[in-house]
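Letters A, B, ... are given to chains in the order of the sequence lines, protein chains preceding strands, and every chain is numbered from 1.
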2 protein chains.
Amino acid sequence: MDREATLHDVAGKVGVSPRTVSRVVNDEGGYSPETRKKVLAAIEELRYRPNMVARALITKRSGTVGLVGGDMTDPFFPALAEGIQHRAREAGQTMFFASTGSDPDRQAEVLRSFWARAVDGVIVFPALDSIDQLTDYGRRGLPIVVVDDLVEAPNVACVLFDLPEGGRLAAQHLLSAGRRRMGVISATVSPPRRRHRERGFVAALTEADGDHLPAVIAEADPTVRGGEAGFAELLSLMPDLDGIFAYNDLVAIGAMRAAAASGRRVPEDIAVVGCDDIEMSTYITPALTTIRLDRGRLSNEAVAALHDLIDAPAQRRQPVVLPVELVARESA
Amino acid sequence: MDREATLHDVAGKVGVSPRTVSRVVNDEGGYSPETRKKVLAAIEELRYRPNMVARALITKRSGTVGLVGGDMTDPFFPALAEGIQHRAREAGQTMFFASTGSDPDRQAEVLRSFWARAVDGVIVFPALDSIDQLTDYGRRGLPIVVVDDLVEAPNVACVLFDLPEGGRLAAQHLLSAGRRRMGVISATVSPPRRRHRERGFVAALTEADGDHLPAVIAEADPTVRGGEAGFAELLSLMPDLDGIFAYNDLVAIGAMRAAAASGRRVPEDIAVVGCDDIEMSTYITPALTTIRLDRGRLSNEAVAALHDLIDAPAQRRQPVVLPVELVARESA
DNA sequence: AACGTTGGCGTCAACGTTGACGCCAACGTT
DNA sequence: AACGTTGGCGTCAACGTTGACGCCAACGTT
């Protein structure tokens, strides 16, 4: 438990200046092959590791990225965090993680703490009404990748799924299964400007021919329990409901449970389409028909966009839009 | 996007030395109320935030904790990470996260990177055969909380669930439901020294009176697919199997699926008990009987143990053992 | 032979803090 | 009146790096 070795210790051992050791450590060049060999040997022997804190203080690069999520217990999230963490590690970076519960104040606190720790960039699942915060940090020079929203600001890049298309696919699937009286369960954590799924769904219904009714819309927490409540709300708006498009798979599962509890069969009486394609959706009975969002793809694109932003700030870039697909199983 | 304000800027504005501003920022005392007020006003106006990197360089405290997990996509994990992150944030700390896939080399890499970034401590779900690593870092002065294993070393504290009791509860439940030919699906990622569930289960069977057979044991990945494979393996060892205790709920779900696919009914033909009590277990059909591990409790205890260790290193402490309970649902 | 270039270093200062120490005026104590 | 204490600061150095710069010997060029 003695002190960690520093550049100075290595330099002393080899008989060169710390600056030369630093050059070797960073592969800067400007040293002879023999010096290099001796330095590397001393590094090995003393188990020297560069102190990232000291390095960060002067370079303003800490080798860290922050992930700001809504709620880790949302089953959509872990695979994403895992992917992002992987990619970041491949780039030699370590990942901070914090969740906001979609609360803008907590998001502000999280961003402050990340910023004070000199993160090189952050990937954010924005909390409610927090665009100004993000714009502000972008202007102050923090590279930010925003997921699932469009933010126009310096140092901000956007990566989103084509959720309107997801809504359209869900609507078409339900329509072609003969459903005529449909409801959407939206999420309270999703502000109006981010209701892309819902917009796509409603638009597809509006555009389609046929005798179907316009969709009714309920709002709920994005959880199984929320789905149960959302189902009840939809039912009160349209008692003979025959199709549901849910904000995510958890909500869809909740809706299916509530449907079963009310004596309705899924999909015979009510067809249900979810969104996300979490693992559970395959294992549930009936297996859930859903809009698949490719989380591996999202992780890759988000990290790539962030590194882009870090390497070449100031440059404008187009939002990255990721395709979605409908996975037909048993529930619709 | 101009430079961030520093102590120096605040000091200049107020007309005191940076050291005095630092004293105010850290509530050290040694300044007059009027000075304090002026300093706070200037801090507000300049939007000054202490630079944690500079602070960490000299205090050797970075205000960060690291969480080293096996795999974020294991549904047991997110609630835990969420809880830990919460508690850490309450203490003003930011959380690093990295997963190892239970690979000791990756764990080594993760610990190196955390250490280089001066984490104040880490909470580790140890990878296979990685106790020496942990002992080593403990000796070098890193406070470590190890989950679900016993490690005797300086700066290392242990928090574990009473898994032997979990195994015992599962065995008793299956026995009292009349099961006589039982199998255990263990996990490949769990080294022999950490097979507490299995030991408890087998011990309870051995101790119990009756005409039941000794348990057969299969090994599998701790996933649904693993559970399916584990079921097949158990069946090949004991074709008329009537009870299963699975490493975790995912494995139990896999076993139930394989049982159904083979035409067996759960629980009538084969009773299945899982372990963890993940959310999905309530929603699956049949709902899973399982050993509940209280993850909120684990988060709290782990963070508390870590802060204990950080505040008073060197001191010996007892492992914290958390109780478990059996939740009877439909599958057994 | 005189010159410019370059390889291989070293020196110094700085990043933004805090620990250690010192100083002085104001005050209380004897 | 002389003294010790304490409140309220300031100064300086250090944490472990890297950027900027300079220096010198060795070499190639004309």
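Within the nucleic acid shown, T59(A) comes within 4.0 Å of sugar-phosphate atoms alone, with no base atom in reach, counting heavy atoms only. The residue V53(A) sits apart from the nucleic acid: no heavy atom pair falls under 4.0 Å.
Using Watson-Crick or G-U wobble geometry with both donor-acceptor distances under 3.5 Å, dT30(C) finds its partner in dA1(D). Summarising the base pairing, dC24(D) is matched to dG7(C) through a Watson-Crick or G-U wobble pair whose two defining distances lie under 3.5 Å. Nucleotide dC12(D) forms a Watson-Crick or G-U wobble pair with dG19(C), both donor-acceptor distances falling under 3.5 Å.
The nearest whole Å value for the distance from the NZ atom in K60(A) to the P atom in dA14(C) is 14 Å. Going from atom OH of Y31(B) over to atom P of dA25(C) covers 24 Å, rounded to whole Å. Across the protein-nucleic acid pair, N26(B) atom CG and dG8(D) atom P stand 18 Å apart, rounded to whole Å. Atom CG in L57(A) sits about 8 Å away from atom C1' in dT17(C), given to the nearest Å. We find that CZ of R61(B) is positioned 16 Å from C1' of dT17(C), with the value rounded to whole Å. Between the CZ atom of R117(B) and the P atom of dT17(D) there is a distance of 14 Å, rounded to whole Å. Following rounding to the nearest Å, I58(A) (CD1) and dT17(C) (C1') show an atom-to-atom distance of 15 Å. When the C1' atom of dT18(D) is taken as reference, atom CG of N51(A) falls 13 Å away, rounded to whole Å.
Which of dC15(D), dC15(C), dG19(D) sits closest to the side chain of E28(A) comes down to dG19(D). Nearest to the side chain of T35(B), among dC9(D), dT17(C), dA14(C), sits dC9(D). Candidate nucleotides dT18(D), dC9(D), dT17(C) were compared by shortest atom distance to the side chain of L7(A), and dT18(D) ranks first. With dA14(C), dG10(C), dG8(C) as the candidates, the nucleotide lying closest to the side chain of S32(A) is dG8(C).
Considering only side-chain N and O atoms, T6(B) lies nowhere under 4.0 angstrom from the phosphate OP1 or OP2 of dG16(C). OP1 or OP2 of dT18(C) has at least one side-chain nitrogen or oxygen of S22(B) nearer than 4.0 Å. The side chain of T20(A) places an N or O atom within less than 4.0 Å of a non-bridging phosphate oxygen (OP1 or OP2) of dG10(C). Taking side-chain N and O atoms only, Y48(B) has a distance below 4.0 Å to OP1 or OP2 of dT17(C). Phosphate proximity of dG10(C) to R19(A): absent, as no side-chain N or O sits under 4.0 Å from OP1 or OP2.
Between the base of dG16(C) and the side chain of R49(B) there is no donor-acceptor pair shorter than 3.5 Å.
A cation-pi arrangement is absent between R117(A) and F114(A) under the rule of less than 6.0 angstrom and at most 45 degrees off the ring axis.
If A54(B) and R23(B) are placed on DNA chain C by their nearest nucleotide, the residue sitting closer to the 5' end is A54(B).
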- [ ] Would you please test L298(B) and L293(B) for side-chain contact (heavy atoms from CB on, under 4.5 Å) and show each step?
- [x] CA-CA 8 Å; L298(B) 179 57; L293(B) 311 183; over 6 Å; no
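Using modelled atom types, one side-chain atom of Q133(B) and one backbone atom of P104(B) make a donor-acceptor pair closer than 3.5 Å.
Atom CG of L57(A) is separated from atom CE of M52(A) by 13.5 Å, given to the nearest 0.5 angstrom.
Under 3.5 Å, the side chains of T94(B) and S113(A) contain a donor-acceptor pair of N or O atoms.
A salt bridge between K60(B) and D120(B) is absent, with no side-chain N of the basic residue lying under 4.0 Å from a carboxylate O of the acidic one.
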